Amino acid sequence: MANVHSQNKEIIQRLRDALYNLDPQTLSTELVSLCAPDCIIRWTTPFETMTGPKEFYRRVFKPLIKAIPDLERRDFIVMAGPDGDENWIGCGGNYVGVFERPWLDIPPTFHPVAMRFHEYYRIEEGKIVEMQGIWDIVHLMMQAKAWPMTPSLGCDWVVPGPSTQDGLLHGERDEAHSAASMKLVLDMLDGLSKHAEGGPEAMNLPAYWSPKMTWYGPSGIGTNRRISGFRNWHQIPFLKAMPNRGTINDTVHFFADNDYVAVTGWPNMHMTISDDGWLGIPPVNKEITMRSLDFWRCEQGLIRENWVLVDILHVYDQLGVDVFSRMRELTVARQEKRPEI
């Protein structure tokens, strides 16, 4: 008999199927069938928190399908595991299709586009009772040549799935294997927290990360490879700007499935932007929170790959920067509704 995590993967498979061979009516029906009526949906900026599958479909998927009529979901990670008494599913991949009409006022490209997603689902008694999702809307803006903020230090690209091509975990979850992967990631994170005590050396990154590690960051930060790339193009600017960053423990959920580990929190970090600022943001000395949905893949006792999506648009929003307004100004000649002069 399949365990609860395998059963939960089968539940999410129905949603994945509905988004692969997309029919709007089928998707709407499946969401209503799979979700509890009062399911809480916590979604990337500008959508924020919604209640119930009908509102979720109306506000999120219906406009996206209008903009990308051949929308297709392609998962490269599907994993499951417990956090205490809660059971979670984590999915990562890309939504792809031809961008034919504006979406969130992002001008269409009339070419294929890809938008990375990390989506997490909490399931109770066969129903989805909570969803958390971050979509890389920033990368879609970049593909439309409509990103109005600073360029990434790392590489912005269509992020690939695991190099081992084994991210769709259909088999049974091994408890001991999963626990070992979880310990490696938690030990690594504990090492990162020692930065304030002794700088980069105190974090002892080579003890946890493979020499050929890849850190797949969100657009606006970008992807970095090897420890040197991770330090130069993400970690040093991040910690320099926010040396007091810390974890919000009561919102964080970790779960593991064999080689894979995931973390979710809404939010899961707090920090103050100081020093010389971050991502072109001046040092406003304002405390913010950060949402991050992450996957790690462990290999031979080290972390080989790390997929990270941060709600970058939410960061700007907390600082009073309206990225969508700036985008409309940048692309005014391509907007369907142009301001009168």
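Quick caveat, the model's predicted, so the values are computed rather than measured. Side chains included, hydrogens not; waters and symmetry mates left out as well; all remaining heavy atoms used.
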Original post:
Residues in salt bridge (charged side-chain N to carboxylate O under 4.0 Å, His left out) with Arg74, at least two apart?
Top reply: Glu72
**OP:** Provide the closest heavy-atom pair for Arg334 versus Lys145 in the form atom of the first, atom of the second, distance.
**Re:** NH2-O, 3.0 Å
**OP:** Scan side-chain atoms only and decide if Asp136 and Tyr95 contain a donor-acceptor pair under the 3.5 Å cut-off.
**Re:** no
**OP:** Would you check if the distance from the ring center of Trp215 to the ring center of His234 is below 6.0 Å?
**Re:** yes
Original post:
Is the closest side-chain heavy-atom distance between Met141 and Val323 below 4.5 Å?
Top reply: yes
Original post:
Atom CH2 of Trp233 and atom SG of Cys155: how far apart are they, to the nearest 0.5 Å?
Top reply: 12.5 Å
Original post:
Can you find a heavy atom in the side chain of Phe238 that is under 4.5 Å from one in the side chain of Ile221?
Top reply: no
**OP:** Identify which one of Tyr120, Tyr216, Phe255 satisfies the ring pair (Phe, Tyr, Trp, His ring centres under 6.0 Å) criterion when paired with Phe295.
**Re:** Tyr120
**OP:** Decide whether Ser292 and Asn268 meet the rule of one side-chain donor and one side-chain acceptor closer than 3.5 Å.
**Re:** no
Distance-only donor-acceptor pairs under 3.5 Å for side chains of residues 33-44, two or more places apart:
residue: Ser33; atom: OG; partner: Arg14; partner atom: NH2; Å: 3.0
residue: Arg42; atom: NE; partner: Glu130; partner atom: OE2; Å: 3.2
residue: Thr44; atom: OG1; partner: Asp311; partner atom: OD1; Å: 3.4

Original post:
Looking at OG1 of Thr264 and CE of Met131, how far apart are the two atoms once the value is rounded to the nearest 0.5 Å?
Top reply: 13.0 Å
Side-chain donor-acceptor pairs of residues 276-290 under 3.5 Å, sequence neighbours excluded:
residue: Lys286; atom: NZ; partner: Gln318; partner atom: O; Å: 2.6
residue: Thr289; atom: OG1; partner: Gln318; partner atom: OE1; Å: 3.4

